[in-house]
Amino acid sequence: MKRTRVYDALNAESATPELLIKGWVRTKRDSKGFSFLEINDGSCLKNIQVVIDHTPEIEAVLENVGTGASVSILGELVESPGKGQKWEVRGKAVEMLGFADPETFPLQKKRHSDEFLRTIAHLRPRTNKYGAMFRIRSELSWAVHRFFHEKGFCYVHTPIITGSDCEGAGEMFRVTSLGFEDLKKNKEEQLEKDFFGKQSHLTVSGQLPAEMLALALGGVYTFGPTFRAENSNTPRHAAEFWMVEPEVAFYDLHDNMDLSEEMIKFLISHVLDKCAGDIELFAKFVDKSLMSTLENILKEPFERLPYTDAVELLKNCKKSKDFEYKPEYGIDLQTEHERYLAEEHFKKPVVVYDYPVEIKPFYMRLNDGGKTVAAMDVLVPRIGELIGGSQREERLDVLERRINELGLNPEEYWWYLDSRRFGTAPHSGFGMGFERMLMMITGVTNIRDVIPFPRTPNNLDF
Ligand code: 4AD
Ligand code: MG
């Protein structure tokens, strides 16, 4: 017999004389003559209640069944006389598929701290909170694809292993097939022997190859893992994270801002619609103001202001003295500044654009006057930077000059420069940190808690 998912059983239209439920026991209570089991199979937040009368065989099985065990239950779906659920299962037979020793099973029926649960990342998906988190994560991924698919964008796969540093920030992980001993020897000689015959890394962004595809297919997006060896141990940085990167031919910076705003709103609406039950858990137990924050983001147009104005605002605001980093023209905005703008001042997402050329990568389009580039960052309440993007420099001479100014090697970018030699066109794109979006949607404040097995400095368990 085929198993019925708990979600489907709970949403059944009618009673069913026979069904098979398989899942993990959340609780078991014994009474005289029968037992209650709460079973969860991950298909939804809710458990299904099973009431099962004792027979000698059933008692013998149930004796070993406790919280955490996996079971298979054959029974009948009936209307529940109890409160809180429409349907329950009258069990007729039970089989234990996997024992969980109550002495050592770490997930007992009490609230565990996020810090503790991180140490058992392999088991935490079995809790309500992390089960909900990973279902939302799945739905959010699907929403990304739905958004771009409905807009006619082409989903492209950009490489993970790369020979170029997109951001030019030198925060890359090396990829090599050489042994440790070889690595100590003469660098040039060894590189020739290495798998690719040159330095290779894990990508920090799929943007540069995505640009090549946009300049052929029009509108594209890539959505994959990216890697950064920045040693910042913050609640917002992971060494391995997923990025959503659209890239669009013939878009200018303002089209780009429009796209980012439309996408953020679409993603939130989709998840609120499809994951109502799971989101409710976060609104109840994680962030009481979650729903109003999200509804506010949906309702209001995003604020847009040039970097120069943002800095003036930060310099002159009441909180100016309290910032750890003094706001000043030319600095990269810090999380405290970004959060002040989005959370306290405007109380909604803010798109800051036209940043000083000195603090942004080589590929951003130089504005008239040469002082700023057509960059945009989308800052959101609680998180700070959610999106970074720009209009790209499409003029060959300007791009070559920027590459040289920054001390990069133009030969390594020959293919990228070719796109500006042959039929170059204005184009723009951005990257959204997928985990940061999940943090915003759930109110969770640590990136380690929105990714099943987080990778951060000195942490490579699981
Ligand atoms: O602003 P970033 O560095 O932009 C780029 O990489 C561009 N090449 C993207 C593009 O235009 N196609 O990164 C984009 C976003 C950030 O706004 C942030 O949300 C996220 O990626 N991000 C991180 N998320 C988690 N952990 C990290 N270490 C992150 N670094 C960036
Ligand atoms: Mg950025």
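Owing to the predicted nature of the structure, the values given are computational and were not obtained by experimental measurement. Both ligands and their constituent atoms are indexed starting at 1 by order of listing.
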Tell me: protein heavy atom nearest [atom], and distance?
atom                    : result
atom 18 (C) of ligand 1 : R436 NH1, 3.5 Å
atom 22 (N) of ligand 1 : F241 CE1, 3.4 Å
atom 14 (C) of ligand 1 : G431 O, 3.5 Å
atom 5 (C) of ligand 1  : E167 OE2, 3.4 Å
atom 26 (N) of ligand 1 : A238 N, 3.0 Å

Check: [X]/[Y] side-chain N/O donor and acceptor closer than 3.5 Å:
X    : Y    : result
S428 : D252 : no
Y325 : E336 : no
Q207 : Y363 : yes
D354 : N367 : yes
R382 : S289 : yes
E139 : H270 : yes
R420 : Y416 : yes

Sub-4.0 Å atoms of ligand 1 with respect to non-hydrogen atoms of [X]:
X    : answer
Y363 : 7 (C), 8 (N)
E230 : 27 (C), 28 (N), 30 (N)
R236 : 25 (C), 26 (N)
G388 : 1 (O), 9 (C), 10 (C), 11 (O), 17 (O)
R392 : 10 (C), 11 (O), 12 (N)
G433 : 15 (C), 19 (O), 20 (C), 21 (O)
F430 : 10 (C), 11 (O), 12 (N)
I447 : 25 (C)

Examine H237 against ligand 1 and note whether any of their N/O atoms are separated by less than 3.5 Å. no
Could you check whether any side-chain heavy atom of K129 comes within less than 4.5 Å of a side-chain heavy atom of D114, counting everything from C-beta outward? yes
Between M376 and S260, is there a side-chain heavy-atom distance shorter than 4.5 Å? yes
Quick look: L386 vs ligand 1, heavy-atom contacts under 4.0 Å, and the answer is backbone
Specify side chain, backbone, both or neither for M243, according to which of its non-hydrogen atoms lie closer than 4.0 Å to ligand 1. side chain
Y353 and Y307: aromatic ring centres closer than 6.0 Å? no
Are H201 and F227 close enough that their ring centres sit under 6.0 Å apart? no
So, is E385 placed with an N/O/S atom under 2.8 Å from the Mg ion (ligand 2), counting both backbone and side chain? yes
Between R228, E245, E385, E247, flag the one that comes closest to atom 16 (C) of ligand 1 by a heavy atom. E385
